[in-house]
2 protein chains.
Amino acid sequence: MVATYRLSRVDLDAATETAIAIAREQTLEVPPGVAEPDMEAALLGRVEEVVRAHEDAFDATISYTLAVTGTDLLQLINVAYGNVSLMNGVRLVDLVLPAPALDALPGPKFGIDGLREMTGVAPGRPLLSVAIKPVGRSATELAALAATFARGGAHVVKDDHGLVDQPSAPFRERVRAVAQAVAESNAATGGRCAYFPNVTGPVDTLDERLDYSIAAGSTGVTVCPSLMGLDVMRAIAGGPHRLAILAHPTHGQAAPDRHEGIAPEVLYGTLYRVAGADAVVYVNAGGRFSWPVETCEAISHRLRTPLGRHRAAMPVPAGGVEAAEGARWLARYGPDTMLLIGGSLLRQPDLLGATRRLAEAVGEACASGARA
Amino acid sequence: MVATYRLSRVDLDAATETAIAIAREQTLEVPPGVAEPDMEAALLGRVEEVVRAHEDAFDATISYTLAVTGTDLLQLINVAYGNVSLMNGVRLVDLVLPAPALDALPGPKFGIDGLREMTGVAPGRPLLSVAIKPVGRSATELAALAATFARGGAHVVKDDHGLVDQPSAPFRERVRAVAQAVAESNAATGGRCAYFPNVTGPVDTLDERLDYSIAAGSTGVTVCPSLMGLDVMRAIAGGPHRLAILAHPTHGQAAPDRHEGIAPEVLYGTLYRVAGADAVVYVNAGGRFSWPVETCEAISHRLRTPLGRHRAAMPVPAGGVEAAEGARWLARYGPDTMLLIGGSLLRQPDLLGATRRLAEAVGEACASGARA
């Protein structure tokens with residue numbers, strides 16, 4: 001495994017010293033002299049290079065041997081960004097997983113092609129997903145919203161990530177009602193809208209929620225990996241449930257322009273994908289969060305680029321995207337994108353009409369093949 | 001639930017605007033006008049106050065209703081620091097959990113008193129734990145280290161958090177060998193040293209590792225909650241396995257003096273405790289990580305202070321504590337502390353003698369009752 005760390009507010013000497021400290025901290029974690037020289041040579045992280053990134057920042061690239069990382073997701077993350085996540089001025093900006101780890105990790109079970117097959121959206125056309133919310137609505141009200149979205153042409157209806165098991169719409173009641181509403185809409189329109197309930201919640205009852213989602217007719221689920229734990233998503237993807245995974249970025253603690261943390265493209269573009277996300281929601285530029293479009297493009301690129309044996313995953317820009325602006329973003333990101341619209345659609349007085357217009361605009365967003 | 005966010009690099013107007021945005025983002029997450037006024041009144045986060053913290057930083061206190069948060073750990077975290085974890089300049093600096101959540105969460109099963117009973121260390125005397133490492137050592141070599149530590153008077157022997165299931169010392173082989181070595185040492189000395197294997201690893205095989213640890217004779221385990229997921233630790237603590245939990249801070253992405261993330265005392269002092277940690281490792285001042293002692297004291301305080309029905313948890317300063325300095329730190333932190341020593345002890349040529357001297361110094365560290 002090769003990890004690159006951006007070390008901030010340092011000069012070259014300090015950066016080199018920090019890189020050497022990281023290579024030890026993340027592997028042997030004992031002072032020099034404790035381990036025999038051959039163990040040090042074999043197992044210590046190796047500082048490959050330290051190069052200037054900005055005026056007072058350097059990128060240190062460190063390689064780690066498989067004998068330390070193994071191929072389990074959590075140990076890979078532990079070595080890449082474990083104890084050093086507690087140091088200020090150390091940010092994980094790139095991560096290249098070794099072939100055995102790529103082979104061992106599940107990656108997307110469906111991916112872009114599988115989601116297209118599931119929803120019946122031909123290649124060359126983007127997908128439209130919508131969130132049902134807010135918390136406080138009853139299962140019946142949420143089901144009515146879902147029915148309208150499905151009739152209007154949405155390809156995926158997802159629970160808001162804040163809908164869990166509140167008394168206003170308990171998990172089972174909600175999933176049953178919404179799945180039925182979507183199925184009825186599909187029967188009426190001949191469409192194949194999918195419903196992805198949010199299964200985030202206590203890990204020891206997760207299997208029950210997955211079973212229930214399948215029994216209700218869902219072909220996918222919404223998961224919050226940074227809340228549940230990335231390995232919980234890995235276990236879903238690698239397990240027996242045949243469910244697509246739409247990963248939500250909440251609690252990811254990742255954002256552009258920080259001196260610490262995991263760069264969003266590494267977390268959402270690489271780690272979420274290898275851990276099994278078929279589609280990854282990220283906060284789009286121009287929305288409620290001020291992320292630059294370059295970050296969004298970097299996430300999308302990593303989700304789709306060849307990566308071992310893994311399927312490409314679907315980028316899902318979201319987070320305050322105005323319905324009216326959706327087509328423009330899709331033209332920029334390309335057809336292998338699923339737009340996620342929530343609040344800005346719910347604000348429309350004629351929800352069915354607005355969904356229809358949006359679905360039409362999404363369908364035609366990349367028709368010319370041109371990107372803005 | 002009441003959360004306090006430190007908003008950095010803003011003036012009062014911008015801070016107030018951000019606080020209002022957070023209160024909406026973390027609850028209804030729809031623009032004004034979508035939800036009915038009575039839903040907004042009932043469910044929207046409420047900005048209680050915005051007060052100046054520093055010259056260009058304000059603390060915004062927001063209260064959230066139980067109807068939104070529920071009492072499940074992940075939804076509490078999702079509301080406290082979900083989507084806003086993706087915004088720059090927003091840091092979670094305090095969190096007060098509502099009584100129903102405190103009642104629902106497991107908290108420590110053993111706590112300070114239970115760990116004393118387990119290891120036979122009388123009140124008024126600190127505990128000594130040691131880490132066996134590094135990765136690369138065989139199970140036999142690690143067992144020999146553990147035997148020496150147990151004979152030398154350590155109260156808890158823990159696996160390094162980097163020891164998982166590597167071929168050099170696979171989990172079962174290691175746990176069997178180390179547990180046996182510690183048991184034999186105890187039989188020889190009459191002591192009650194406990195061995196806490198590191199069970200961090202794939203979540204879908206966690207139960208097997210817990211079962212195996214108990215079968216091998218362990219009365220506790222080492223868990224990395226920020227890697228596994230905090231709710232995975234909650235499930236262990238709330239589940240049937242009678243095992244103390246020593247929580248390791250790796251991948252916590254928490255540190256003092258950042259504009260984002262969760263303040264270490266909130267993550268390690270409050271969240272880890274309510275999620276079931278009996279003892280919490282944190283990086284001590286003066287070690288390899290440059291955390292101020294005030295942060296360490298704040299974590300210790302939160303672990304021990306009255307909190308609903310929950311037992312006090314044991315603070316475990318670590319991370320490059322020099323063996324020779326241990327007693328001084330314990331005198332400062334007080335007797336309800338477990339010192340964790342790793343590398344600086346392993347460096348000693350006479351390991352048994354060094355462990356004995358350290359155990360003696362730890363035992364007497366708070367004898368005078370005075371704090372440095």
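Here is how names work: the chains are called A, B, and so on, in the same order as the sequence lines, proteins then strands, and each is numbered from 1. Atom set for the values below is all heavy atoms of this structure, side chains included, hydrogens, waters and symmetry mates excluded.
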Participant: Does any heavy atom of chain B fall under 4.5 Å from the side chain of N83(A), the backbone, both, or neither of them?
Facilitator: both
Participant: Under 4.5 Å heavy-atom distance to chain B, tell me which part of Y282(A) shows up: side chain, backbone, both or neither.
Facilitator: neither
Participant: Against chain B, work out which of P249(A), P167(A), S168(A) has the most heavy-atom pairs shorter than 4.5 Å and name it.
Facilitator: P249(A)
Participant: Locate the shortest heavy-atom distance separating L28(B) from P134(A); write the atom from each residue and the value.
Facilitator: O-CB, 3.3 Å
Participant: Between G33(A), G261(A), G201(A), which has the largest tally of heavy atom pairs under 4.5 Å with chain B?
Facilitator: G201(A)
Participant: By side-chain contact (heavy atoms from CB on, under 4.5 Å), which residues pair with S85(A), not counting sequence neighbours?
Facilitator: Y81(A), Q253(B)
Participant: Backbone N or O of M228(B) within a donor-acceptor pair of the D231(A) side chain at under 3.5 Å?
Facilitator: no
Participant: Okay, side chain of K133(A), backbone of E29(B): is any donor-acceptor separation there less than 3.5 Å?
Facilitator: yes
Participant: Drop me the distance from D204(B)'s CG to D207(A)'s CG, to the nearest 0.5 angstrom.
Facilitator: 9.5 Å
Participant: Among the options G229(A), P225(A), G162(A), G70(A), pick out the one with the most heavy-atom pairs lying under 4.5 Å from chain B.
Facilitator: G162(A)
Participant: Measure distances from Q26(A) to the heavy atoms of chain B and classify the residue's part below 4.5 Å as side chain, backbone, both or neither.
Facilitator: neither
Participant: Tell me, side chain or backbone of Q348(B) under 4.5 Å from chain A's heavy atoms, or both, or neither?
Facilitator: neither
Participant: Find the one option among S344(A), A254(A), G342(A) whose heavy-atom pairs under 4.5 Å with chain B are most numerous.
Facilitator: A254(A)
Participant: Around atom CD of E17(A), are there more than 12 heavy atoms from other residues, nucleotides or ligands closer than 6.0 Å?
Facilitator: no
Participant: Check whether A67(A) gets within reach of chain B through its side chain, its backbone, both or neither, counting any heavy atom under 4.5 Å.
Facilitator: backbone
Participant: Can you name the residues that form a salt bridge (charged side-chain N to carboxylate O under 4.0 Å, His left out) with R209(A), not counting sequence neighbours?
Facilitator: none
Participant: Show the numbers, then the answer: is there a side-chain contact (heavy atoms from CB on, under 4.5 Å) between Q75(B) and Q166(A)?
Facilitator: CA-CA 10 Å; Q75(B) 178 65 358; Q166(A) 290 96 346; 3.3 Å; yes
Participant: Using side-chain contact (heavy atoms from CB on, under 4.5 Å) as the criterion, point out the one residue from H251(B), H161(B), H248(B) that pairs with N78(A).
Facilitator: H161(B)
Participant: Looking only at heavy atoms and a cut-off of under 4.5 Å, which of G238(B), A35(B), P202(B), A42(B) has the most pairs with chain A?
Facilitator: P202(B)
Participant: Given that the side chain runs from C-beta out, which part of I262(B) has a heavy atom under 4.5 Å from chain A: side chain, backbone, both or neither?
Facilitator: both
Participant: Could you tell me which of G239(B), P31(B), A235(B), A255(B) has the largest number of non-hydrogen atom pairs under 4.5 Å with chain A?
Facilitator: P31(B)
Participant: Flag the one option from A80(A), A131(A), G136(A) with the top tally of heavy-atom pairs under 4.5 Å to chain B.
Facilitator: G136(A)
Participant: Need one label for V164(B): side chain, backbone, both or neither, based on atoms under 4.5 Å from any heavy atom in chain A.
Facilitator: side chain
Participant: Report which part of S226(A) has an atom under 4.5 Å of a heavy atom belonging to chain B: side chain, backbone, both, or neither.
Facilitator: neither
Participant: Could you tell me which portion of R137(B) (side chain, backbone, both or neither) has an atom closer than 4.5 angstrom to a non-hydrogen atom of chain A?
Facilitator: both
Participant: Of all the heavy-atom pairs spanning V135(A) and L43(B), show the shortest one and how long it is.
Facilitator: O-CD1, 3.3 Å
Participant: Show your reasoning for whether side-chain contact (heavy atoms from CB on, under 4.5 Å) applies to H259(B) and R258(A).
Facilitator: CA-CA 9 Å; H259(B) 295 304; R258(A) 291 186 187 175; over 6 Å; no
Participant: Nearest heavy-atom pair of G343(A) and V34(B): which atoms, and what distance?
Facilitator: O-CG2, 4.1 Å
Participant: Against chain B, label D257(A) side chain, backbone, both or neither, depending on which of its atoms sit under 4.5 Å from a heavy atom there.
Facilitator: both
Participant: Go through the atoms of V232(A) and report whether side chain, backbone, both or neither lie under 4.5 Å from a heavy atom of chain B.
Facilitator: both
Participant: Report yes or no: does N88(A) contribute a side-chain atom to a donor-acceptor pair with the main-chain N or O of P256(B) at less than 3.5 Å?
Facilitator: yes
Participant: Examine whether an atom of T205(B) lies under 4.5 Å from a heavy atom of chain A, and if so say whether it belongs to the side chain, the backbone or both; otherwise answer neither.
Facilitator: neither
Participant: Between V30(A), L74(A), L66(A), which shows the greatest number of heavy-atom pairs under 4.5 Å with chain B?
Facilitator: L74(A)
Participant: Supply the atom-to-atom distance T200(B) OG1 to D72(A) CG, rounded to the nearest 0.5 angstrom.
Facilitator: 11.0 Å
Participant: Within the distance-only criterion (no hydrogens, no angle test), does the side chain of W291(B) pair as donor or acceptor with the backbone N or O of L86(A) below 3.5 angstrom?
Facilitator: yes
Participant: Where on V283(A) is there a heavy atom nearer than 4.5 Å to chain B: the side chain, the backbone, both, or neither?
Facilitator: side chain
